[in-house]
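Worksheet: one structure, shown below.
This structure is a prediction, so every number in the text was calculated from the model and none was measured. Chain letters run A, B, ... following the sequence lines, proteins first, then strands; residues in each count from 1.
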There are 2 protein chains.
Amino acid sequence: MRDTGTMSRLDRLKMQRELHVAGLENCPVRNLLDHVASKWTTLVLMELSQAPQRFNALGRALPDISKRMLTQTLRDLERDGMVARRVFDTKPPSVEYSLTPLGQSVLQPIGALIDWANLHAEDIRAARVQFEALG
Amino acid sequence: MRDTGTMSRLDRLKMQRELHVAGLENCPVRNLLDHVASKWTTLVLMELSQAPQRFNALGRALPDISKRMLTQTLRDLERDGMVARRVFDTKPPSVEYSLTPLGQSVLQPIGALIDWANLHAEDIRAARVQFEALG
DNA sequence: CTGCATCCATATCGATACTG
DNA sequence: CAGTATCGATATGGATGCAG
């Protein structure tokens, strides 16, 4: 993994350019960031990391998500090759979602971010208290 | 860094619960994810990682951001202790923003995410082509 | 120079109802 | 069961103008 402390100035400049050029709609970095950002993506990925699951099972596991958002999140992930959708020709129909290898692999950097957040949660909380105290 | 492959089922369940419980407004993980998500945070952090800079210098470095959003982004980062704001009593006034140690440290996991995105950009692009081809 | 306040367009999301 | 379609509330973000 890249160490920020040893990241060259040029590397940083390059990253940055990559992040904010023209529109950004097609920037892979911007795109992943948006993915991770969106409210449900991470939760769906983590839920699927435990086991492939059917649509309604996912809905039950993530009680706060609406069908609309679950569908949309799954489609986005499918579109980007992170999630595989498999339809069983039963009656009534059932559809199973699972992580692809790509989807598995993105959980590692996301995990790093989550670890960081847990590690520094108290620092942030303290900073906010401080900020409000002055404000 | 945590290896997703060796993450215990219990760890994952815990993470997950931490991510989607009640409202989430106060969940530090959810909060960081939103931060990283928001369009400008990452760019501002990376720009400041190169050098402490004044408000307008940041604006010039990130041409697409509006004053409104730049202010807001900086305030959010300041509030969470990632960015320090220092006012110089000159005329006209000048304000310098810089990364705190906390802000420096978050660049590492963010960098991991960016590296992942660059590494797998082609996979994702291919997946999309495939997805559109079927539709 | 640094920023806040306001207005407005658009994007996002939840709720609901309906379908194969 | 697994979605799609539609509507409306809310959030988000850009543009502009003003102020210390």
**Prompt:** Which part of the nucleic acid does B/Y97 contact within heavy-atom distance under 4.0 Å: base, sugar-phosphate only, or nothing?
**Reply:** sugar-phosphate
**Message:** Under 4.0 Å, heavy atoms only, any strand: does B/K67 hit a base, just the sugar-phosphate, or nothing?
**Reply:** base
**Prompt:** Nearest of D/dA2, C/dT2, C/dC1 to any side-chain atom of B/P92?
**Reply:** C/dC1
**Message:** What is the distance, to the nearest angstrom, from the CG atom on B/D34 to the P atom on C/dT12?
**Reply:** 14 Å
**Asked** For B/R54 and C/dC1, is the shortest distance between a side-chain N/O and OP1 or OP2 below 4.0 Å?
**Response** no
**Asked** When the C1' atoms of the five terminal pairs at each end define the local axes, what inter-axis angle does the helix from C/dC1-D/dG20 to C/dG20-D/dC1 show, to 10 degrees?
**Response** 40°
**Message:** Please report the distance, rounded to the nearest Å, between CZ in A/R86 and C1' in D/dC1.
**Reply:** 17 Å
**Fill in**
Between CD of A/E96 and C1' of D/dG3 the distance, given in whole Å, is 17 Å
**Request:** Would you tell me whether A/Q53 and A/E47 have side-chain atoms, one donor and one acceptor, within less than 3.5 Å of each other?
**Result:** yes
**Prompt:** Under 3.5 Å, is there a donor-acceptor pair between the A/D76 and A/H35 side chains?
**Reply:** no
**Prompt:** For DNA chain D, what residues of residues 69-85 of chain A have any heavy atom nearer than 4.0 Å?
**Reply:** A/T71, A/R75, A/R85
**Complete:** With the side chain defined as heavy atoms from C-beta on, B/P93 is closest, among D/dA2, C/dC1, C/dG14, to C/dC1
**Prompt:** Between C/dC7, C/dT2, D/dC7, which nucleotide gets closest to the side-chain atoms of B/R68?
**Reply:** C/dC7
